[in-house]
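Naming convention: chains lettered A, B, ... in sequence-line order (proteins, then strands); numbering from 1 in each chain. Computed from a prediction, not measured in an experiment: that's the story for all the values here.
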There are 2 protein chains.
Amino acid sequence: MSEHKVISFDNIKVACRNCSLTSLCLPMGLTPEDVDLLDAIVKRNRPLHRGDHLFRQGDKFQCIYVVKTGTVKTFDPGEDGSEQVLGFHLPGEMIGLDAIETGIHHCSAKILETTAVCEIPFTLLEELSSTIPSLQHQMYRLLSREIGHDEDMLTLLGKRNAEERLASFLLSLSGRFQRRGFSPSDFYLSMSRHEIGNYLGLAVETVSRLFTRFQDDGLLKVERKHVQLVDIERLKQIQRGDQAGVREQQVT
Amino acid sequence: MSEHKVISFDNIKVACRNCSLTSLCLPMGLTPEDVDLLDAIVKRNRPLHRGDHLFRQGDKFQCIYVVKTGTVKTFDPGEDGSEQVLGFHLPGEMIGLDAIETGIHHCSAKILETTAVCEIPFTLLEELSSTIPSLQHQMYRLLSREIGHDEDMLTLLGKRNAEERLASFLLSLSGRFQRRGFSPSDFYLSMSRHEIGNYLGLAVETVSRLFTRFQDDGLLKVERKHVQLVDIERLKQIQRGDQAGVREQQVT
DNA sequence: AGATTGCTTTGCTCTGGATCAAGTTACTTT
DNA sequence: AAAGTAACTTGATCCAGAGCAAAGCAATCT
């Protein structure tokens, strides 16, 4: 019964230069000719479905992936199966950069909702980047950004409490949606409470309780996967640990 | 009274090709000629002293640094001064990769003990790397390694308990010392208990207590900064959460 | 030598979140 | 529609590790 009748992406001949993600994943300063060269090595595949693996830890590293639509989660499965979620990847975000060093995928990547990805053979990308300085530059920037982002996460896990972590998480999503032209205050979560907790180093129950509490305090509205951020300012205060946090006591 | 009479490194004309760190920081597959080119852009400075800043968060990013001798700690000072230690860098390790993206240093770097560093102007390195494919490749690998390492830290902070974290930390140092030709089981800590705790997301007191407990259990000997790992095997068990942990109960 | 300062250790108490244990609600499948 | 299953919520309890306070020790200064 694969009569899914999904929109086939095969016939969509949108080159990189026309891709709506250009400003997110492509180097600024590439000439149209350069973009065509890059475009030529990018493979566009049929959409993947929830639960599919983009790759698994231990797989040979061949390609860098860029999310076009949908969401992908990356995680370290752990010897004993005690999965650690490493990230949730939205359209325009790259996946697989941690595999360059060893040539073996260091984490696994799983589709959270119907997703289309671009696939870029790394060897070709690398060759191309040595002939196009601005592409090389962009690659360095992307890798560097990833490092910076991971460092932010280290601070989150090392220093922030549960409230601050969830607030940060929601604000991060909010900002990323906004940059993609979606509402920063009204969106759907494509990951489960369990996955959020895992990502933030919290138990599912804690995440659930915090959602309830944030809602009771008028910071947001949640219903299942649907979130509406009502008071972003106060969420930002919580994020930076601005004392008082939720349950703002009336300061006399 | 700058009559420090420190060993001047100015007259040490050790080129990269002769540097003992070659296998750690230089690309495999660079021809001797390539190494000379790289060598030409590397600046070698006089040693820095405990407490000196290599750079501060917010500084303009100009150079990548490589530790030659000594130890450097990187950290995010945090708005409110609630420092988060991001890493301890031993000889052969690179610093500053997270600044490429924005051109502004994302974290600060401080010297923990008298340290010599090589300074590589990034713009020159970047240019050079586009003419030497194997150098470019090595740069990608180094950046990727950093990402992989940060991801490992995320798992450490997100999933491991205090014992597992300290064991991991000690084993990481042990391995890195070994690769540099030093004893893997007998070394000095150049960072304080406070800094270790901060790095591992633990309170100083917890770190101190764990050292005591590990010692009581015959895993290691500590005296101030001096550590001797006595039972590395058991430390590895603890690291991977191999149940029983310390206080191995007699299993009848 | 004695005093000052800054780590580090140790004991005691407290708490944020984990864990355990039921429910509850929403999808799927039949 | 009923039944099953997976995700989520909520309540109750517990505990690893934080925080506080007070020594203990080294290293430096006077």
Residue list, ring pair (Phe, Tyr, Trp, His ring centres under 6.0 Å) with B/F177, at least two apart or on another chain
B/F187
Given B/V85, B/L166, B/T206, the one that forms side chain to side chain contact (heavy atoms under 4.5 Å, CB included) with B/L200:
B/L166
Can you measure B/L166 atom CG to D/dG17 atom P for me and round it to whole angstrom units?
12 Å
Under 3.5 Å, N/O pairs linking protein and nucleotides 7-10 of chain D:
unit_1: D/dC8; atom_1: OP1; unit_2: A/K225; atom_2: NZ; d: 3.2
unit_1: D/dC8; atom_1: OP2; unit_2: A/R193; atom_2: N; d: 3.0
unit_1: D/dT9; atom_1: OP1; unit_2: A/R193; atom_2: NH2; d: 3.4
unit_1: D/dT9; atom_1: OP2; unit_2: A/R193; atom_2: NE; d: 2.9
unit_1: D/dT9; atom_1: OP2; unit_2: A/S208; atom_2: OG; d: 2.9
unit_1: D/dT9; atom_1: O5'; unit_2: A/S208; atom_2: OG; d: 3.1
unit_1: D/dT10; atom_1: OP2; unit_2: A/T212; atom_2: OG1; d: 2.7

If you take the centroid of each ring, where Trp contributes its six-membered ring, are B/F55 and B/Y65 closer together than 6.0 Å?
yes
Salt-bridge criterion met for B/E119 and B/K68 (N-O under 4.0 Å):
no
Distance only, no hydrogens: is a donor on one side chain within 3.5 Å (strictly under) of an acceptor on the other, for B/E151 and A/H106?
yes
Does NZ in A/K236 sit with more than 12 non-hydrogen atoms of other residues, nucleotides or ligands closer than 6.0 Å?
no
Nucleotide interval of DNA chain C bounded by contacts with chain B (heavy-atom cut-off, under 4.0 Å):
C/dC7 to C/dC12
Using heavy atoms to find the nearest nucleotide of DNA chain C for A/E223 and A/G201 separately, return the residue whose nucleotide is more 5′.
A/G201
Would you call B/E93 and B/R180 a salt bridge, using N to O less than 4.0 angstrom?
yes
Rounded to whole Å, how long is the line connecting atom CD of B/E163 with atom P of D/dA18?
13 Å
Verify whether one side chain among B/H226 and B/D186 offers a donor that lies under 3.5 Å from an acceptor in the other.
yes
